[in-house]
Amino acid sequence: MDDDCEFCQIAAGDRSAHVLHEDERTVAFLDENPAVTGHSLVVPRTHEDDVVMIDESTSAAVFETVRTVARALETTLEPTGFSVFHTSGPLVGTVDHAHVHLLPRFEDDDVTLSLSRDRLDPDEAADLRDQVRAHL
């Protein structure tokens, strides 16, 4: 546990949060600054930097909790769909404890998750594919 980490404090029960679900490996709670009603965060109980780079069983537990909470939010809020995302590294924001955002989405919400997109270049794609496959 990182004593200065607010998500570690929530996971340990030392800081209040609106906890939706918890088990021995994960905690899910409502985001204090929600983009939409039901905006939730799912975190591992242990202080980790990156959900996708941690050990496989912890990562699997986090995403199983995402699924569990999404099902409950689906029944409760009847959203049109969900956005699920994770950011790591220096782009993560103010909390460096690994976490996944789960946002119920509604047709009339004003959430903008914008990705600028370009056409995939076939030669660059083939090169990248080969490089990635070499590391698998």
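The model shown is predicted, which means the values in this text are computed figures rather than measured ones. Residue numbers run from 1 in the order of the sequence given.
To the nearest 0.5 angstrom, L77 atom CG is 5.0 Å from F106 atom CZ. If you take CD on E6 and CG on D96, they are separated by 10.0 Å, rounding to the nearest 0.5 Å. The line from OG1 of T26 to NE2 of H99 is 15.0 Å long, rounded to the nearest 0.5 Å.
A salt bridge (Lys or Arg N to Asp or Glu O under 4.0 Å) check over residues 26-35, counting only residues at least two apart or in different chains, returns the pairs R15-E32. Counting only residues at least two apart or on different chains, no salt bridge (Lys or Arg N to Asp or Glu O under 4.0 Å) pair has a member in residues 123-136. Judged as a ring-ring contact (aromatic ring centres under 6.0 Å, His included), the pairs with a partner in residues 31-60 (not counting sequence neighbours) are, in order, H39-H101, H47-H97.
Judged as a side-chain contact (heavy atoms from CB on, under 4.5 Å), and not counting sequence neighbours, the contacts of L20 are L30, S40, V69. Remark: S83 engages L103, R105, L113 in a side-chain contact (heavy atoms from CB on, under 4.5 Å) (not counting sequence neighbours). In this structure, the side-chain contact (heavy atoms from CB on, under 4.5 Å) partners of T46, at least two apart in sequence or on a different chain, are P44, E48. For T58, the side-chain hydrogen bond (donor to acceptor under 3.5 Å, both in side chains) test picks out R25, D55, with sequence neighbours left out. For T75, there are no side-chain hydrogen bond (donor to acceptor under 3.5 Å, both in side chains) partners at least two apart in sequence or on another chain. Here E22 pairs with R45 under the side-chain hydrogen bond (donor to acceptor under 3.5 Å, both in side chains) rule; sequence neighbours left out. In this structure R67 satisfies the side-chain contact (heavy atoms from CB on, under 4.5 Å) test together with E64, R71, sequence neighbours excluded. With sequence neighbours excluded, the residues that form a ring-ring contact (aromatic ring centres under 6.0 Å, His included) with F29 are F7.
Looking at every heavy atom in both residues, D109 comes nearest to P104 through OD2-O, 4.4 Å. The shortest heavy-atom contact between H86 and D50 is NE2-OD1, 2.9 Å.
Cluster membership for V36 and F82, using ILVMFWY side-chain heavy atoms within less than 4.5 angstrom, is not shared. Linking ILVMFWY side-chain heavy atoms closer than 4.5 Å, directly or via other members, places F63 and L102 in a single hydrophobic cluster. Taking hydrophobic clusters as Ile, Leu, Val, Met, Phe, Trp and Tyr residues chained together by side-chain heavy-atom distances below 4.5 Å, V66 shares a cluster with L73.
When T65, V62, V43 are each tested for a side-chain contact (heavy atoms from CB on, under 4.5 Å) with V27, only one passes: V43.
Under a 4.5 Å side-chain heavy-atom cut-off, the cluster of Ile, Leu, Val, Met, Phe, Trp and Tyr residues that includes L120 has no other member.
With hydrogens and angles ignored, the 3.5 Å screen pairs a side-chain donor or acceptor of S59 with a backbone N or O of V51.
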